[in-house]
Structures are given as structure tokens and as C-alpha cells.
Amino acid sequence: MLIDTHCHLEKNEYDDLDNIIRSMDGYMIASGYNDETNLEVIELVNKYDNVYGVIGIHPEEVDNVTSDSFRIIEDNINNPKMLGIGEIGLDYYYVKDNKDKQIDLFKKQIEIAEAYNKPIVVHSRDAAQDTYNILKDVKVKCDIHCFSYSYEMACEFVKLGFRLGIGGVLTFKNSKNLKEIVEKLDIDNFLLETDSPYLSPEPFRGKKNNPSNCFYVARKIAEIKGMDVNDVINKLNKNAIEQFDLYIKIIYGKI
Ligand code: NI
């Protein structure tokens with residue numbers, strides 16, 4: 001059994017979404033990033049037993065926030081299949097002149113997560129220090145998904161008790177930082193993810209990703225850490241279950 005802790009299961013990305021979900025040997029946490037995809041996530045978690053979700057507004061969507069955006073999140077956050085708020089965060093890669101707006105949106109959603117005591121899934125790109133400053137006092141569990149910073153920065157986030165999402169990038173030849181992080185830090189600190197439909201791991205790099213491919217990420221972690229792949233998967237599943245309070249949900253199945 002695999003748990004893909006972060007993927008985007010969008011209708012307009014997959015012709016065979018139903019088949020992809022049904023053929024996954026395990027569970028997926030589908031992530032929204034704007035009103036439209038948040039509504040899709042709500043639909044998916046209600047339809048499929050093995051799909052859980054997080055909903056939130058991504059920093060690149062900061063100009064698309066509507067009066068409905070926060071209502072959609074708050075109205076659905078207590079759905080037992082909804083595991084947290086995400087993906088939320090900061091992204092200064094393409095646009096930096098709206099930093100204040102991004103920070104404001106990020107903080108507002110952290111407040112919602114704290115009010116409902118739900119974990120957050122954070123997207124952070126080219127914004128390590130601001131992300132750290134905002135999150136250092138956060139009162140809920142945090143997953144820095146698709147972790148892209150240095151080993152030193154990884155240590156800082158791990159010290160706060162956060163987990164780091166590790167995906168297909170680990171299998172790429174040029175991913176030095178991530179390999180160093182996986183090698184040096186304890187496996188307790190990691191969450192397995194694909195970020196589907198993006199970032200397919202080797203040997204599927206360049207093709208459309210899907211949640212089952214998180215196996216190849218686990219295999220790479222096993223290779224780097226000199227562990228058995230099944231032990232790695234079991235350990236990462238335990239991390240995911242703990243991170244997102246999935247104990248009772250998975251053990252008892254349908255809710
Ligand atoms: Ni994502």
C-alpha cells in the first residue's frame with residue numbers, strides 16, 4: 001500500500017482519471033489550489049474511498065481570490081475526508097512584486113487552519129526566509145511539499161517539527177540538495193508525494209505523472225539510505241498517517 005500525500009487530480013489533466021484513482025494501490029491526498037480545483041477535490045473525496053483532500057488558495061492564485069474562496073474552505077474543512085489546508089504558501093519565482101498580498105493570503109489561511117486545528121500543506125519557492133519567518137510560530141502540523149531548499153534550510157524546518165514532501169525531483173540526475181537531505185536526515189521527517197500530474201520520477205520523467213509513481217520515489221529513497229524499499233514505504237506511510245491524522249480513517253475504512 002502506498003500513500004501519495006500530494007497530488008492534483010484534475011479532470012482536465014487526465015482522460016482516465018477514474019481509472020488512475022481506482023488502480024492506485026493505496027491512498028491519495030488530492031490538493032486544490034483555487035476555487036475551481038477546491039470544488040473538484042470536494043467532489044473527489046466524496047466519490048472515492050481512497051481519495052482524501054486538502055483545500056486552499058495557492059500563492060500564484062492570489063489575484064483570483066473571490067468572496068467565495070474562504071467560504072468554500074470553511075464550509076468543507078470539517079468534512080472527515082478533508083485533511084487540511086493546502087496548498088498555500090509563497091512563490092516569488094515568477095512574481096515578486098505582490099509579496100505583501102501573498103503573505104497576507106498565506107497568513108489568513110494559516111489562521112483558518114489554526115482555528116480548525118488542521119494541518120497545512122505549504123508550497124514555497126524562492127521564498128525560504130519569508131516562509132520560515134511566518135511559519136516559525138505556527139500551531140498546526142506542517143508539510144513543506146516538494147521541498148526545494150538547501151540541507152541547512154531543511155534542518156531549520158525539521159527543527160520546527162515540520163515534515164518535508166519528497167517527490168520525483170529526487171530521482172533527477174541534477175537534484176543534489178534533495179539527495180543530501182534524504183541521505184542526512186532521518187526518514188521520520190519525510191512524506192512521500194508525486195505532485196501529479198507534474199514532476200514524474202525517473203524512468204517516466206517528461207511524461208504525465210500519476211499517484212502510483214510514488215513507488216519510484218520510495219525506491220530512490222531506499223537506494224540513497226541503503227534500506228529495503230518495503231521498509232521505506234511502511235515508514236513513510238506511518239509518517240503520512242501521523243501527519244494527517246489518518247489513523248482511525250484508514251483503519252476503519254469508510255466513514
Ligand atoms: Ni502541488
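Just follow the structure's listing: the first ligand is 1, and inside any ligand the first atom is 1. Hydrogens, waters and symmetry mates are skipped; everything else that's a heavy atom, side chains included, is used. Starting from 1, each residue takes its place in the sequence as its number. All figures in this text were calculated on a predicted structure; none of them were measured in a lab.
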Original post:
With respect to Ile3, which candidate in Ile241, Leu192, Asn50 satisfies the side chain to side chain contact (heavy atoms under 4.5 Å, CB included) definition?
Top reply: Ile241
Enumerate donor-acceptor pairs with a distance under 3.5 Å from any side-chain N or O in residues 88-95 to protein atoms, sequence neighbours excluded.
from  : atom 1 : to     : atom 2 : distance (Å)
Asp91 : OD1    : Tyr93  : N      : 2.9
Asp91 : OD2    : His123 : NE2    : 2.7
Tyr92 : OH     : Asp130 : OD2    : 2.7

**OP:** Please find out if less than 6.0 Å separates the ring center of Phe204 from that of Tyr216.
**Re:** yes
**OP:** Answer yes if Val122 and Phe157 sit in the same cluster of Ile, Leu, Val, Met, Phe, Trp and Tyr residues linked by side chain heavy atoms under 4.5 Å apart, and no otherwise.
**Re:** yes
**OP:** Please report how many protein N/O/S atoms lie under 2.8 Å from the Ni ion (ligand 1).
**Re:** 4
Original post:
Listed by chain and number, what are the side chain to side chain contact (heavy atoms under 4.5 Å, CB included) partners of Glu180, not counting sequence neighbours?
Top reply: Tyr151, Lys184
**OP:** Could you pull out all residues at least two apart from Gln109 that satisfy side-chain hydrogen bond (donor to acceptor under 3.5 Å, both in side chains)?
**Re:** none
